[in-house]
Amino acid sequence: MGTVDNHRKAGEPRWLGPATHARTALVPSISAARWLLVLIVAAGIYFFYGFLVPVLAALVIGFASWPVYRELLRRVGGNNTVGATVALLLIIAFLIVPIVIAASYTASEMREWFGWAVEVNKVGAPVPDWIAALPGVGAWMSDQWVHYIGTPGAIGEVIQLVSGANIGNIYRAIVAAGNGAFHLILTLLFMLIALFFVYRNGVAFARQIDLVGERILPTRWERISRVVPATISSTVTGMTLIAIGEGIILGVAYWIAGVPSPVTLGVLTGVMALIPGGAPLSFTLVSVYLVASGSVPEGIGLFAWGSIELFIVDKTIRPRLVGGPIKLPFLPTFFGLVGGVKTMGFLGLFIGPVLMALLVAVWREWVREVELSALEAEALESKATEINEPPPLRKTAS
């Protein structure tokens, strides 16, 4: 009674009886905290899924350019804000602006092709001599040209036939293209914002990741934490930057050789250079076109230039730039490109191969650990066998 009166004097509510502390919790505090953390992470992924692509792109660029940023930070006196601002301006000037310029030139050349198609639809166009002169398939391709392109109104009939059956799909594709362009601009903007904070707070964030990683993978985190930045840096440098460089160099070569739409072909060559063997296939096809159209010296010169450039890149530049041990085979590279474009759009061209290279690197590290463990087990077993084995009998002299 005295205890109840004391609770009543303290002003505690008595609707459900006196408050008593349970001796054991229904759910242990550690388990409850873990489940709460899992729910919070799942909710964060659900609500912020749209920001995943720009954040991944910012992390990839940050990892790849971190050695340069560290030198830049030293030159600005260690000021993280100033260093991050300067690094972001350099990324915009040397990466974003060239891509935008190439995209605008590509769009301009595509408009020229559209204007050519409109004009040909009005008056028709004769079969090019180089198509008619192709061995084996020249006659068949000439007939197809006359039927679908050479006759006035032929292109319009084909478009009308296709659009009449798929007018809804064409309308949805046009609307999706507009939405995709707007989404790409927003993605680039969010990527630049995320990249600024990656540069400014990257060291502190990496320290926190190391603390968590050592608790989750205490025996493997040290190796994985070294493999991840090396893999990303080597993949971005060895695939993406070299692909962009090959697209620019071969695009200039296309322009010198007089190939129609050199910027568009240069962009396509850069994209194809992400795939092993894609760049040689691109300039070889363009060289064959030049030779077939009558520009034999230009075609031979373009093929020779592409072969020399590819040899120099593969034998001298790529081994020097690629610092990590990752060299992706064709199939993972292809899956990374296709999966990246399907999931992340244009930025997936660069993020997809990086993620695939990261998966391959982690897989190789695990395989290496398994092989080392097997070798250690064999060594221990052989050592135990030697210890337990009786010494050999010595022959005595007769």
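Keep in mind that this is a model prediction, so the values were computed, not measured.
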Residues joined to W255 in its hydrophobic cluster, side chain to side chain under 4.5 Å directly or through other members, sorted by chain and number, are V252, I256
Counterpart residues, side-chain hydrogen bond (donor to acceptor under 3.5 Å, both in side chains), relative to D210 (two or more places apart):
W221
Check ring-ring contact (aromatic ring centres under 6.0 Å, His included) between F51 and all other residues, then give those that pass, not counting sequence neighbours.
F190
Quick check for you: to the nearest 0.5 Å, what is the distance between M141 atom CE and D143 atom CG?
11.0 Å
L265 CG to L250 CG distance, which is reported to the nearest 0.5 Å
10.5 Å
Running the 4.5 Å side-chain criterion over Ile, Leu, Val, Met, Phe, Trp and Tyr, what cluster does V291 land in, apart from itself?
V296, I300
ILVMFWY cluster membership beyond L285 - transitive side-chain contacts under 4.5 angstrom:
M272, L281
Residues in ring-ring contact (aromatic ring centres under 6.0 Å, His included) contact with Y69, at least two apart in sequence or another chain:
W66, Y199
What's the verdict on side chain to side chain contact (heavy atoms under 4.5 Å, CB included) for L88 and L195, showing C-alpha distance, side-chain angles and the deciding distance?
CA-CA 7 Å; L88 193 64; L195 183 59; 3.9 Å; yes
W145: which residues meet the ring-ring contact (aromatic ring centres under 6.0 Å, His included) condition with it, sequence neighbours left out?
none
Same cluster or not: are I61 and F94 linked, directly or through other Ile, Leu, Val, Met, Phe, Trp or Tyr residues, by side-chain heavy atoms under 4.5 angstrom apart?
yes
Sort and list the pairs that fulfil side chain to side chain donor-acceptor pair (under 3.5 Å) and have at least one residue in residues 283-304, not counting sequence neighbours.
none
Residues forming a side-chain hydrogen bond (donor to acceptor under 3.5 Å, both in side chains) with T264, sequence neighbours excluded
E109
In this structure, CD1 of I91 is separated from CZ of F196 (nearest 0.5 Å) by 14.0 Å
Single-linkage hydrophobic cluster W305~V288, side-chain heavy atoms < 4.5 angstrom:
no
CG of L380 to CG of L375, rounded to nearest 0.5 Å, is 11.0 Å
With rounding to the nearest 0.5 angstrom, report the CG to CD1 distance, L36 to I40.
4.0 Å
Is there a side-chain contact between L59 and V198, using heavy atoms and a 4.5 Å cut-off?
yes
Intermediate values then yes/no, side chain to side chain contact (heavy atoms under 4.5 Å, CB included), V68 and L72:
CA-CA 6 Å; V68 179; L72 176 64; 5.6 Å; no
Go through the steps to decide whether S307 and F283 satisfy the test side chain to side chain contact (heavy atoms under 4.5 Å, CB included), and finish with yes or no.
CA-CA 9 Å; S307 302; F283 69 74; 4.1 Å; yes
Pairs involving residues 57-76, ordered by first then second residue, that meet salt bridge (charged side-chain N to carboxylate O under 4.0 Å, His left out) (sequence neighbours left out):
E71-R74, E71-R75
When you compare the side chain of V286 with that of F303, does any pair of heavy atoms fall below 4.5 Å?
no
According to a 4.5 Å side-chain heavy-atom criterion applied to Ile, Leu, Val, Met, Phe, Trp and Tyr, with indirect links allowed, do L89 and I101 form part of one hydrophobic cluster?
no
Which Ile, Leu, Val, Met, Phe, Trp or Tyr residues join L211 in one cluster when any pair of side-chain heavy atoms under 4.5 Å counts as a link?
none
Please lay out, stage by stage, how V263 and Y254 fare under the test side chain to side chain contact (heavy atoms under 4.5 Å, CB included).
CA-CA 8 Å; V263 177; Y254 296 156; over 6 Å; no
Would a 4.5 Å heavy-atom cut-off, applied to side chains only, mark R200 and T81 as touching?
yes
CD1/I249 to CG/L310 distance, rounded to the nearest 0.5 angstrom?
11.0 Å
If I compare all heavy atoms of A279 with all of E246, which pair ends up nearest, and what's the gap?
CB-OE1, 3.3 Å
Are I209 and V212 co-members of a hydrophobic cluster defined by side-chain heavy atoms under 4.5 Å apart?
yes
My understanding is that only residues two or more places apart in sequence, or in another chain, count here; which of them pass ring-ring contact (aromatic ring centres under 6.0 Å, His included) with F197?
none
